[in-house]
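Each remark here refers to the structure printed beneath this line.
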Amino acid sequence: MVQNRNKLIKLFIGNISNAIIHEVLEKAINDSEISDRYQKEINVSFNNAKEYREKINPKDSPLPEKDIKHIKNQIRNNVTNKLKQRISQGYENINLDLIEGLIDKFLKNTNMI
């Protein structure tokens, strides 16, 4: 059971990270067509993350503080690294200061914290 739980947490982290990355990218762009694609990706990733969240433990009960810290650190690292990679590829107007607030927003919306 622990292996499945760890796998579910990894999948949750990956989907939440992807949603946060696309949210930051959406805010950095002025093109409505690309913005719509980012919004679709945010919705798909967030919905997948919610499904994994429900499988990790009962959705109405929060995770232990140790797990939450681990998850937040993993998400922060994933998002920061991916956005820095995008910046090095020439993406502009990416605001890395949005990451912390979005992590909290998405984790609250999935009843993680």
- Item | N15/F46 under side chain to side chain contact (heavy atoms under 4.5 Å, CB included): CA gap, chis, key distance, verdict | CA-CA 6 Å; N15 279 284; F46 183 67; over 6 Å; no
- Query: Run the side chain to side chain contact (heavy atoms under 4.5 Å, CB included) check on N43 and K40 step by step: do they pass?
  - Reply: CA-CA 5 Å; N43 292 334; K40 287 178 186 175; 5.6 Å; no
- Output, in order, the C-alpha distance, side-chain angles, deciding distance and verdict of side chain to side chain contact (heavy atoms under 4.5 Å, CB included) for L107 and I75. CA-CA 10 Å; L107 290 180; I75 293 170; 4.1 Å; yes
- Determine, stepwise, if the pair E23 / L98 fulfils side chain to side chain contact (heavy atoms under 4.5 Å, CB included). CA-CA 9 Å; E23 178 104 6; L98 297 173; over 6 Å; no
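In this structure the side chain of L8 never reaches within 4.5 angstrom of the side chain of R5, judged on heavy atoms.
In this structure, V24 and N95 approach most closely via the heavy-atom pair CG1-O, 3.9 Å.
Within the model, atoms NZ of K72 and CD1 of I103 stand 7.5 Å from one another, a figure rounded to the nearest 0.5 Å. Atom CE of M112 sits about 7.5 Å away from atom CD1 of I16, to the nearest 0.5 Å. One finds the CG atom of N4 at 7.5 Å from the NZ atom of K7 (value rounded to the nearest 0.5 Å). Distance check, rounded to the nearest 0.5 Å: CG of N6 to CD1 of I56 gives 9.5 Å. Atoms CG and NZ, from L11 and K55 in turn, are 9.0 Å apart once rounded to the nearest 0.5 Å. With rounding to the nearest 0.5 angstrom, the OG1 atom of T110 is 13.0 Å from the CD atom of E51.
Other residues, nucleotides and ligands contribute at most 12 non-hydrogen atoms within 6.0 Å of the CD atom of E92.
In terms of hydrophobic clustering, with Ile, Leu, Val, Met, Phe, Trp and Tyr side chains grouped at heavy-atom distances under 4.5 Å, I20 and V44 are assigned to different clusters.
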Got a list of side-chain donor-acceptor pairs under 3.5 Å for residues 27-35, not counting sequence neighbours?
from: D31; atom 1: OD1; to: E33; atom 2: N; distance (Å): 3.0
from: E33; atom 1: OE2; to: R37; atom 2: NH2; distance (Å): 3.0
from: S35; atom 1: OG; to: E26; atom 2: OE2; distance (Å): 3.3

Please output the side-chain donor-acceptor pairs of residues 79-87 that fall under 3.5 Å, not counting sequence neighbours, one pair per line with the distance.
from: T80; atom 1: OG1; to: R76; atom 2: O; distance (Å): 2.8
from: N81; atom 1: ND2; to: N77; atom 2: O; distance (Å): 3.1

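Here the side chain of N18 pairs no donor or acceptor atom with the backbone of G14 at under 3.5 angstrom.
Every residue two or more places apart in sequence or in another chain that forms a side-chain hydrogen bond (donor to acceptor under 3.5 Å, both in side chains) with N78 is listed here: S17.
A side chain to side chain contact (heavy atoms under 4.5 Å, CB included) with F12 holds for exactly one of Q74, E54, R53; it is R53.
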